[in-house]
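For reference, the structure discussed in these notes is given below.
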There are 2 protein chains.
Amino acid sequence: MISIGTLAGRTGTKVQTIRYYEQIGLLPEPERTQGGQRRYDDADLDRLAFIRHARQLGFTLEAIRELLELSDRPERSCAEVDAIAQRQLREVSARIARLEALRGELRRMLRECQADRVADCRVLEVLRDHAECLTDHDRIGT
Amino acid sequence: MISIGTLAGRTGTKVQTIRYYEQIGLLPEPERTQGGQRRYDDADLDRLAFIRHARQLGFTLEAIRELLELSDRPERSCAEVDAIAQRQLREVSARIARLEALRGELRRMLRECQADRVADCRVLEVLRDHAECLTDHDRIGT
DNA sequence: CCTGAACCTACAGTGACTGTAGCAAAGGGG
DNA sequence: CCCCTTTGCTACAGTCACTGTAGGTTCAGG
């Protein structure tokens with residue numbers, strides 16, 4: 001039976017974040033001392049560690065909620081789990097591709113700019129000149 | 001003199017977003033018709049196109065605010081502009097590196113999971129087993 | 001018993017929008 | 001000139017995943 005601060009320390013989570021996870025139903029309501037302070041056990045620690053690790057892999061809280069529900073049904077097929085992980089992999093890959101395109105354009109801008117004064121700055125010129133857009137009208141989702 | 005809807009259409013921006021940019025002072029308050037509707041000119045269109053293009057490159061609105069201020073002082077050195085772009089390049093590169101690490105771990109998880117049942121699912125196991133964390137206690141910033 | 005750290009609730013704020021409700025204005029067709 | 005649909009207006013709430021603050025209470029060590 002550990003306090004919220006100890007749980008926070010052991011999982012690398014902020015105290016507020018733990019209370020937030022409880023509020024949105026990702027963590028169960030824990031026992032309380034008679035003074036009203038939260039007390040956690042090992043199962044809570046495991047669950048929170050799972051959540052934090054999944055968050056570090058970029059899973060959304062909704063995806064984590066699904067993963068937690070699936071892991072409570074050990075006899076079911078793990079195809080759904082794999083599907084969630086694969087979706088996450090696709091999203092990560094798409095973001096990498098997008099960011100690599102950005103990096104290319106940023107590098108090009110900086111390479112071309114040899115100006116001294118703002119008036120001749122190639123960086124600003126590229127930003128100003130809408131015609132140089134590669135793919136316009138798509139989302140930013142960086 | 002064009003309406004907000006036309007401006008939105010020409011720049012690939014939502015109408016609400018334009019009003020939001022005005023609200024936070026990124027776009028100047030435009031003229032109005034006597035009925036109170038906004039009317040924009042070419043300077044507004046250029047400014048908004050600049051903002052949108054910079055957003056597509058992942059610059060924050062604060063960075064864009066700085067860039068716009070600098071571009072209003074054409075006689076100054078463009079070193080500050082380059083510094084902002086370079087900072088953005090570093091941030092993009094850092095995010096790519098982080099996401100590539102995530103992609104690696106996701107791929108490994110999926111490759112290793114040949115299980116049928118949730119009980120043996122390697123994906124869940126990796127998420128559960130805190131010891132397999134590469135670098136713990138760092139931010140997620142994906 | 002006392003003190004100071006840790007805890008409690010409730011709420012506001014972040015960034016960059018997006019969506020909604022309930023209106024008013026604009027402009028084209030009849 | 002009227003109607004009607006589209007577009008615009010304001011004001012505010014919601015998104016995601018937290019983070020921070022205010023103002024108070026409880027706990028553990030000495």
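Values below: all heavy atoms of this structure, side chains included; hydrogens, waters and symmetry mates excluded. In what follows, chains are A, B, ... by sequence order, proteins preceding strands, each numbered from 1.
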Rounded distance in Å - [atom1] ([X]) to [atom2] ([N]):
X       : N      : atom1 : atom2 : value
B:Ile18 : D:dG8  : CD1   : P     : 9 Å
A:Leu26 : D:dC16 : CG    : P     : 12 Å
B:Arg65 : C:dA16 : CZ    : C1'   : 12 Å
A:Gln23 : D:dA17 : CD    : P     : 14 Å
B:Tyr40 : D:dT7  : OH    : C1'   : 13 Å
A:Leu48 : D:dA17 : CG    : C1'   : 14 Å
A:Ile2  : C:dC7  : CD1   : C1'   : 15 Å

Once you round to the nearest 0.5 Å, how far does SG of B:Cys113 lie from CZ of B:Arg111?
-> 12.5 Å
From D:dG8, D:dC9, C:dA16, nucleotide with atom closest to B:Tyr20 side chain = C:dA16
Side-chain contact check for A:Arg32: nearest option of C:dC17, D:dC9, C:dC8 is C:dC8
Can a side chain N or O of [X] be found less than 4.0 Å away from OP1 or OP2 on [N]?
X       : N      : value
B:Arg55 : C:dG15 : no
B:Thr17 : C:dT18 : yes
B:Tyr21 : C:dC17 : yes
B:Ser3  : D:dG8  : yes

If each of B:Phe59 and A:Arg38 is mapped to the nucleotide of DNA chain C with the nearest heavy atom, which maps nearer the 5' terminus, i.e. the 5' end?
-> A:Arg38
So does B:Glu62 pair up with B:Arg65, basic N to acidic O under 4.0 Å?
-> yes
Are the charged groups of A:Arg122 and A:Glu125 less than 4.0 angstrom apart, N to O?
-> yes
Are B:Leu102 and B:Leu99 close enough, and set up right, to give a side-chain contact (heavy atoms from CB on, under 4.5 Å), and what steps lead you there?
-> CA-CA 5 Å; B:Leu102 297 196; B:Leu99 286 170; 4.1 Å; yes
Base, sugar-phosphate alone, or nothing: which one does B:Ile24 contact when heavy atoms must sit under 4.0 Å apart?
-> nothing
Polar contact flag, side-chain donor to acceptor under 3.5 angstrom, B:Arg52-B:Tyr21 = yes
Ignoring hydrogens and geometry, is there a side-chain-to-backbone donor-acceptor pair from A:Asp41 to A:Asp44 under 3.5 Å?
-> yes
Counting distance only, does the side-chain N/O of B:Gln88 pair as donor-acceptor with the main-chain N or O of B:Leu57 below 3.5 Å?
-> yes
Taking protein heavy atoms under 4.0 Å as touching, what does nucleotides 20-30 of chain D look like 5' to 3' if B marks base contact, S marks sugar-phosphate-only contact and - marks none?
-> BB----BS---
